[in-house]
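In the text below, chain A, chain B and the rest are named by the order of the sequence lines, each starting its count at 1.
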2 protein chains.
Amino acid sequence: MIKRRDPYHHGDLRRALVNAATELARSHGPDDVILREVARRVGVSASAAYRHFADRDALLAAVASRARAAMAEAMIDAVARRPPIGDPRSDAVARFRVIGRAYIAFALEEPGLFRTAFGAWPALTEPGDLSPSTMLIAALDNLVATGAMSSSRRVGAEGAAWAAVHGISILLADGALGQVDSRGRDAVVDRTLDLVVSGLVRHRFIGTG
Amino acid sequence: MIKRRDPYHHGDLRRALVNAATELARSHGPDDVILREVARRVGVSASAAYRHFADRDALLAAVASRARAAMAEAMIDAVARRPPIGDPRSDAVARFRVIGRAYIAFALEEPGLFRTAFGAWPALTEPGDLSPSTMLIAALDNLVATGAMSSSRRVGAEGAAWAAVHGISILLADGALGQVDSRGRDAVVDRTLDLVVSGLVRHRFIGTG
DNA sequence: CGTCGAATGTGAGCGGTGTCAACATTGGCC
DNA sequence: GGCCAATGTTGACACCGCTCACATTCGACG
C-alpha cells in the first residue's frame with residue numbers, strides 16, 4: 001500500500017511526533033524539545049499535536065516513557081551478552097554489576113534521553129512496562145535468590161543501590177566530577193559499583209569484575 | 001541615608017535580581033526563573049537585567065552559585081550543632097553521616113534550589129567558595145585523618161560517596177521512589193548512608209547513628 | 001563648581017514559543 | 001451514499017528572551 005503525497009491524515013502521527021521529539025531530546029535534554037519544531041519536522045501544523053497530547057508535558061512524558069524502555073532494553077541486552085558461567089552466586093554479583101554498568105553507560109551515551117527519562121513529568125508508568133529501576137531491583141532479588149546477599153540486607157537496598165547508580169550517572173553526565181577521560185570514568189564507575197556491592201553482598205562472593 | 005522613591009538607579013540591582021530569581025527558583029526549579037518576572041518583581045524593566053547578566057543562563061548561574069553556598073552552610077551548621085564527643089574515629093564517622101544527611105535534607109527542604117544548584121550552567125565556581133561536594137570530601141579526608149578509613153579505600157571515594165548522597169537526594173526530591181512518608185524517607189536515607197559508610201569505613205568504627 | 005563620559009535604566013520591537021478556537025478534510029459505520 | 005467523529009489547518013493571543021536606540025544619573029577631572 002503506497003502512501004499518497006501529503007495526505008491530510010498522517011496515519012500514525014502520534015508515533016511520528018514521539019519519534020521527532022525523541023530526536024530533539026537526544027541533543028541535550030527535555031528543554032530542547034520544542035513542540036512547534038517537532039511538528040515542523042513531521043511536516044504537520046503545531047496544533048495538530050494537540051489532537052494526541054494534552055500539552056507539551058504530555059509529549060515529554062511519552063518520550064520519557066520510551067526512553068526508560070530503551071534504557072531497560074539496553075540493560076537487558078548487556079546481561080544477555082554476558083551469559084552466566086560458574087558459581088551462581090558470583091554470577092549474580094557479576095550480573096548486578098553488568099546491569100549497573102549498563103545503566104550508567106546509557107546515561108553517558110544518551111545523556112539527553114537519560115535526563116528526559118527521569119524528568120518529573122506525570123508518571124505515565126504502565127504497570128507492565130519495564131523500567132531501569134525494575135532491572136536493578138530484579139538484579140538485587142537475584143542476589144538474594146542465589147544466596148549472594150542476605151535477605152536482611154535486602155530491605156531498603158533498592159533505594160540505596162539505585163541512588164548510587166543514578167547519582168554517578170548524573171554526576172558524570174553533567175560533568176560535575178570535572179573532566180575525566182574514559183579511563184577515569186571507568187574507574188569512578190567501578191569504584192561506585194564496588195561500594196554498592198561491598199555493602200550488599202556477602203564478602204566471599206564479591207568478584208573483581 | 002534614606003532612599004528616595006523610585007530612584008532611577010536601583011543601587012544594588014544585581015543582588016536584588018539574584019534574590020528575586022532565587023525566590024522563583026525555590027518553587028520547583030530553574031525552569032521557573034523567568035527573566036521578565038524577575039525584573040517585574042524588582043520593579044525594573046526587563047532589559048535592565050542585561051546590564052548585569054549576559055543572559056538568563058548567567059543569572060541562573062549566579063542563583064546556582066548562591067544555592068550551593070547556602071547548601072554548604074546548612075551542612076556546616078549541621079556539624080556545628082552536633083559537637084564531637086568520644087572516640088575521634090567514631091566521631092569522624094558520625095560527622096560524615098551528619099554531613100550526608102544535611103546534604104539530603106537540603107535537597108528535600110529546598111528542591112527547587114537544589115535542582116538549580118546542580119544545573120549544568122557555566123561553572124562559575126570561584127576557587128575559594130565552599131560547595132556541598134567540598135564538604136563531603138572534607139568529611140572523607142577526616143575519616144582518613146582519624147584512621148576510621150584506610151587511605152587505600154580513600155581513592156576514588158569522593159565520586160562514589162557523592163554519587164550515593166546526590167542520587168538519593170534526587171530520587172527522593174523527584175518522588176521517583178514512590179510516595180513515602182517521612183519515616184520511610186528517613187529509613188531510605190539511613191540505608192543509603194549505611195551502604196556508603198560500610199563500604200568505606202573500617203568495620204569496628206561503624207556506629208549506628 | 002561645572003561638564004562630560006561611563007554606568008545604569010527605559011521602551012519599543014523582533015522572532016520565537018505554547019496554547020486555543022474556529023474551520024476544513026477525511027475515514028468508517030449505518 | 002450520507003453523516004459523525006476523528007484528525008488536521010489557519011490564525012490569533014499572550015508571553016518569553018534578547019537587542020537597540022534613547023534617557024538618566026553618578027563620579028571623576030578640569
Margin query: From CG of B:Asp55 over to P of C:dG16, roughly how many Å is that when rounded to an integer?
Written below: 18 Å

Notebook entry, point to check: For B:Arg56 and D:dC15, what is the distance between atoms CZ and P respectively, to the nearest whole Å?
Noted result: 17 Å

Item checked: Validation row: A:Val196, A:Phe96 side chains within 4.5 angstrom (heavy atoms) -> yes

Margin query: Check the phosphate of D:dG8 against A:His52, side-chain N and O only, distance under 4.0 Å to OP1 or OP2. Yes or no?
Written below: yes

Margin query: Can you classify the ring geometry of A:His166 versus A:Tyr103 as parallel (below 30°), tilted (30 to 60°) or perpendicular (above 60°)?
Written below: perpendicular

Notebook entry, point to check: Quick one: which of D:dG17, D:dG11, D:dT7 gets closest to the side chain of B:Tyr50?
Noted result: D:dG17

Check: Could you state the CG-P distance from B:Leu17 to D:dG17, rounded to the nearest angstrom?
Finding: 13 Å

Check: For B:Gly29, does its backbone N or O pair with a side-chain atom of B:Asp32 as donor and acceptor, under 3.5 Å?
Finding: yes

Check: C:dG9 C1' sits how many Å from B:Arg40 CZ, rounded?
Finding: 17 Å

Margin query: Whole angstroms only, please: what is the CZ-P distance between A:Phe53 and D:dA6?
Written below: 17 Å

Next item on the list: State plainly whether the residues A:Asp190 and A:Arg97 are in salt-bridge range, i.e. N to O under 4.0 Å.
Entry: no

Item checked: Separation of atom CG in B:Leu59 from atom C1' in D:dG17, rounded to whole Å -> 12 Å

Check: If you find the nucleotide of DNA chain C closest to A:Ala54 and the one closest to A:Ile34, which residue's nucleotide is nearer the 5' end?
Finding: A:Ile34

Margin query: So, does A:Arg51 get its side chain near the phosphate of C:dA24, meaning an N or O under 4.0 Å from OP1 or OP2?
Written below: no

Margin query: For B:Phe118 and B:Met71: C-alpha separation, side-chain torsions, deciding distance, then whether side chain to side chain contact (heavy atoms under 4.5 Å, CB included) applies.
Written below: CA-CA 11 Å; B:Phe118 292 101; B:Met71 191 166 166; 4.0 Å; yes

Check: Rounded to whole angstrom units, what separation is found between the CZ atom of A:Arg14 and the P atom of D:dA6?
Finding: 15 Å

Margin query: Counting distance alone, no hydrogens or angles: does the base of C:dT19 have a donor or acceptor under 3.5 Å from a partner atom on the side chain of A:Ser47?
Written below: no

Next item on the list: Answer with base, sugar-phosphate or nothing: what part of the nucleic acid does B:Arg36 contact at a heavy-atom distance below 4.0 Å?
Entry: base

Next item on the list: Using whole Å, report how far CG of A:Asp12 lies from P of D:dG8.
Entry: 10 Å

